[in-house]
Structure formats: structure tokens, C-alpha cells
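Numbering of ligands and ligand atoms starts at 1, following listing order. Hydrogens, waters and symmetry mates play no part in the numbers below; they use all other heavy atoms, side chains included.
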Amino acid sequence: MSSYAITGASKGIGREFVRQLAADSSNTILAIVRNPDSPDISELASNHPNVHAIKGDVTDPKSILEAASAAAAVTAGKLDVLIHNSNAVDIASVSFNPTQIPFDAQATRDIFDPPFSTGIYGGLWTTNAFLPLIEEGIQKKIVHISSAMADLDFINKTGVSDAVAYAVAKAGMNVQVAKYAAELAPKGIKVLALSPGWVDTWEGEKPAQLVEAQKAMLKQFQAADPELKGQIEPEESVRKSLQVIERLDAETSGLLLSHNGDRVRWL
Ligand SMILES: NC(=O)c1ccc[n+]([C@@H]2O[C@H](COP(=O)([O-])OP(=O)(O)OC[C@H]3O[C@@H](n4cnc5c(N)ncnc54)[C@H](OP(=O)(O)O)[C@@H]3O)[C@@H](O)[C@H]2O)c1
């Protein structure tokens with residue numbers, strides 16, 4: 001009998017959260033998506049009466065406030081767990097190392113804006129919009145989906161120097177999570193940054209460039225885990241992530257944890 005709101009629920013890990021949570025008919029799931037009419041989510045909603053597709057863009061404060069109001073109307077103003085999962089990157093520069101950032105203020109903002117708008121500002125607006133519902137909920141849990149790419153030990157061990165804007169945004173997200181955890185602890189609200197692992201969420205055939213990039217990443221990641229064979233499926237990532245969310249308590253509030261529930265097994 002729990003309620004969950006998930007942003008960025010239209011595909012990948014977000015949609016898998018909705019799919020797994022919907023299997024328990026006593027759950028109420030609010031799938032926050034930019035386009036509730038897209039077949040990806042409307043099909044899940046029409047097959048599961050406990051899934052409610054709600055329009056909301058985390059990069060637009062007014063839109064996410066309206067989404068929280070629509071959610072409150074479904075759940076009588078309560079929410080147990082908020083999962084802020086949305087993310088965007090500038091594809092053209094996603095692989096940039098720090099030394100590739102140009103001496104051009106606008107171009108630099110364009111590189112950093114998508115992950116900052118979704119992860120940092122979106123994380124704040126979404127959390128603040130849904131906070132009144134969380135305060136009324138029983139579990140009182142807020143989860144921001146982050147990445148091992150923002151863990152200093154992981155970066156230093158693997159030598160991954162690229163994806164600078166993405167990783168910096170996720171590092172900022174981790175700090176925001178710790179700030180929220182500190183502020184909201186007196187209200188019994190737990191806040192977690194959760195890395196979902198290295199997950200294959202690509203839809204359709206992968207372009208050759210991506211295949212090559214992932215081969216190179218695999219080699220780097222093997223410095224952290226020599227046994228690593230490749231990406232995991234969304235099913236495994238979300239199943240394990242839900243176990244970590246289930247165990248989230250005052251002691252782990254404010255941390256970045258992996259889908260395995262620790263700060264070691266990131267992959
Ligand atoms: N895949 C991995 O290996 C991996 C590893 C570490 C961390 N993560 C993190 O896990 C989360 C989910 O990853 P994923 O691979 O499933 O991501 P994804 O397939 O790229 O989907 C991300 C979601 O974000 C929303 N979104 C995209 N662009 C947006 C924009 N401009 N404005 C607002 N929302 C936007 C979209 O949802 P709507 O259209 O529904 O709004 C989309 O479904 C992300 O936070 C990602 O950084 C993933």
C-alpha cells in the first residue's frame with residue numbers, strides 16, 4: 001500500500017521503475033512524463049489501473065508544480081517515495097574531457113545546461129514541489145538517481161576523464177541530496193542519491209560509434225571491477241535499486257549508494 005512518483009518515466013530506468021512497482025496492485029504509481037500520450041507510458045497506464053501518467057517537465061518549475069498538484073489529487077495529498085530520475089545531456093559534447101571545454105561562454109553553458117537543468121535545478125524544483133506530499137506520506141523517502149561517475153574514488157580508480165558536464169552535475173546532485181538530508185532529518189524524511197549501475201537503456205540498434213565508446217568504457221570500468229562483462233539490464237538495476245530504497249533509513253540518508261547498496265560495487 002505505497003505510493004511512488006517517478007520523473008523521467010517515459011523510458012529506460014524510469015519506465016522500468018513504473019513497470020516493476022505496478023506489478024503490486026496495492027501500489028499507486030505516478031509516472032511523471034513530459035508527454036503522457038506517448039505510447040511508451042500510455043500503454044503501461046492503460047494496462048495497469050494503479051499507474052497514473054501525469055504531465056510534468058522537471059526543467060520547468062510551473063510544470064512540475066502542476067504535476068505535484070495532479071499527483072496530490074490522485075493520492076489525497078500523500079506520497080511515500082519520490083524518485084527523481086530525469087536526465088539530459090548535450091549529445092555532441094557528452095564525451096568531452098575538461099580540457100575540451102571551449103573558451104566560449106555560451107557554448108560552455110550549452111554543454112552544462114541539459115544535465116544541470118534536469119539533475120540540479122530539476123532536482124530542486126521536483127523535490128520542493130512534492131515535499132508537501134512526502135511530509136504527509138508514511139515512508140517519507142526522496143531518491144535522486146545519480147551516478148558512480150560522480151564518485152571521486154571511482155573516477156580516480158577507473159581514470160574516466162570524459163563526460164565532464166554530466167559527472168559534475170551528478171556530483172552537484174549528490175551535494176544537494178546531502179543538504180536535503182540534513183535539512184529534512186528533523187521531519188523524519190530520508191533522502192538518497194542512488195547510482196543505478198551501468199545499464200543498457202539504449203533503444204534499437206546501437207550506432208558503431210557508441211559500440212566502440214562502450215568497449216573503451218568497459219576496459220576503464222574493469223579497473224574498478226575486473227570481473228565486469230558489460231552493462232546490466234534495466235530489470236536487474238531497478239530490482240536491486242528498489243531493495244536499496246526499501247532499506248533507506250536515517251543512517252543512510254544523505255549518502256550516494258550503488259544499486260548494490262554500498263559504495264564499492266558500483267557496476
Ligand atoms: N543508463 C545508465 O547506465 C546510467 C548510469 C548511471 C546513472 N544513470 C542515471 O539513471 C537515470 C535514468 O537513466 P536512463 O539511461 O534510463 O536515461 P534515459 O533513457 O536517457 O531517460 C531519461 C529520462 O529523462 C527525461 N528527460 C530527458 N530529457 C529531458 C529534458 N530535456 N527535460 C526533462 N526531462 C528529460 C525523459 O523522460 P520524460 O520524457 O518522461 O520526461 C527520459 O525518459 C538518469 O538520471 C541517468 O543519469 C544511468
**Prompt:** How does Thr201 reach ligand 1, if at all, at less than 4.0 Å between non-hydrogen atoms: by side chain, backbone, both, or neither?
**Reply:** side chain
**Request:** Measure the distances from the heavy atoms of Ala9 to every atom of ligand 1 and state whether one is below 4.0 angstrom.
**Result:** yes
**Between Thr118 and Ser86: side-chain donor-acceptor atoms closer than 3.5 Å** = no
**Asked** Do Glu16 and Ser237 have a side chain donor and acceptor closer than 3.5 Å?
**Response** no
**Per-atom contacts, ligand 1 versus Tyr166 - under 4.0 Å to a heavy atom** = 6 (C), 7 (C), 8 (N), 9 (C), 46 (C), 47 (O)
**From CA spacing to verdict: side chain to side chain donor-acceptor pair (under 3.5 Å), Asn128, Tyr180** = CA-CA 10 Å; Asn128 294 348; Tyr180 271 121; 2.7 Å; yes
**Asked** Can a salt bridge be assigned to the pair Lys179 and Glu183 using a cut-off of 4.0 Å between side-chain N and carboxylate O?
**Response** no
**Asked** Short N/O distance, under 3.5 Å, between Ile13 and ligand 1?
**Response** yes
**Prompt:** Can you check whether Thr118 has an N/O within less than 3.5 Å of an N/O in ligand 1?
**Reply:** no
**Request:** Heavy-atom distances under 4.0 Å are what count here, so tell me which part of Pro196 touches ligand 1: side chain, backbone, both or neither.
**Result:** side chain
**Message:** Using a 4.0 Å heavy-atom cut-off, which part of Ser117 comes near ligand 1: side chain, backbone, both, or neither?
**Reply:** neither
**Request:** Indicate whether any N or O donor in one side chain lies under 3.5 Å from an N or O acceptor in the other, for Glu43 and Asn47.
**Result:** no
**Prompt:** What part of Met149, side chain from CB on, backbone N/CA/C/O, both or neither, has a heavy atom under 4.0 Å from ligand 1?
**Reply:** neither
**Prompt:** Charged N to carboxylate O below 4.0 Å: is that the case for Arg34 and Asp60?
**Reply:** no
**Prompt:** Does the N or O separation between Ser195 and ligand 1 drop below 3.5 Å for any pair?
**Reply:** no
**Item:** Residues forming a side-chain hydrogen bond (donor to acceptor under 3.5 Å, both in side chains) with Gln209, sequence neighbours excluded
**Value:** none
**Message:** If I apply the N/O under 3.5 Å rule, does Thr59 come out as touching ligand 1?
**Reply:** no
**Asked** If you count the non-hydrogen atoms of other residues, nucleotides and ligands that lie under 6.0 Å from CD in Glu246, is the total more than 12?
**Response** no
**side chain to side chain contact (heavy atoms under 4.5 Å, CB included) partner of Leu79, chosen from Ile142, Leu133, Ile138** = Leu133
**Min N/O separation Trp198 to ligand 1 under 3.5 Å** = no
**Asked** Is a side-chain donor-acceptor pair under 3.5 Å present for Asp40 with Ser10?
**Response** no
**Prompt:** Does ligand 1 have an atom that lies less than 4.0 angstrom from a heavy atom of Ser38?
**Reply:** no
**Message:** If the cut-off is 4.0 Å to any non-hydrogen atom of Ser147, which atoms of ligand 1 fall inside it?
**Reply:** 6 (C), 7 (C)
**Message:** Can you list everything that forms a side-chain hydrogen bond (donor to acceptor under 3.5 Å, both in side chains) with Thr252? Sequence neighbours excluded, please.
**Reply:** Asp249
**Prompt:** Does at least one non-hydrogen atom of Gly119 fall below 4.0 angstrom from an atom of ligand 1?
**Reply:** no
**Request:** Specify the protein heavy atom at minimum distance from atom 30 (C) of ligand 1: its residue, its atom name, and the distance to 0.1 Å.
**Result:** Arg34 NH1, 3.1 Å
**Message:** Side chain or backbone, does Asn85 bring an N or O within less than 3.5 Å of an N or O on ligand 1?
**Reply:** yes
**Item:** ligand 1 N/O within reach of Val199 N/O, cut-off under 3.5 Å
**Value:** yes
**Asked** Does even one non-hydrogen atom of Glu16 get within less than 4.0 Å of ligand 1?
**Response** no
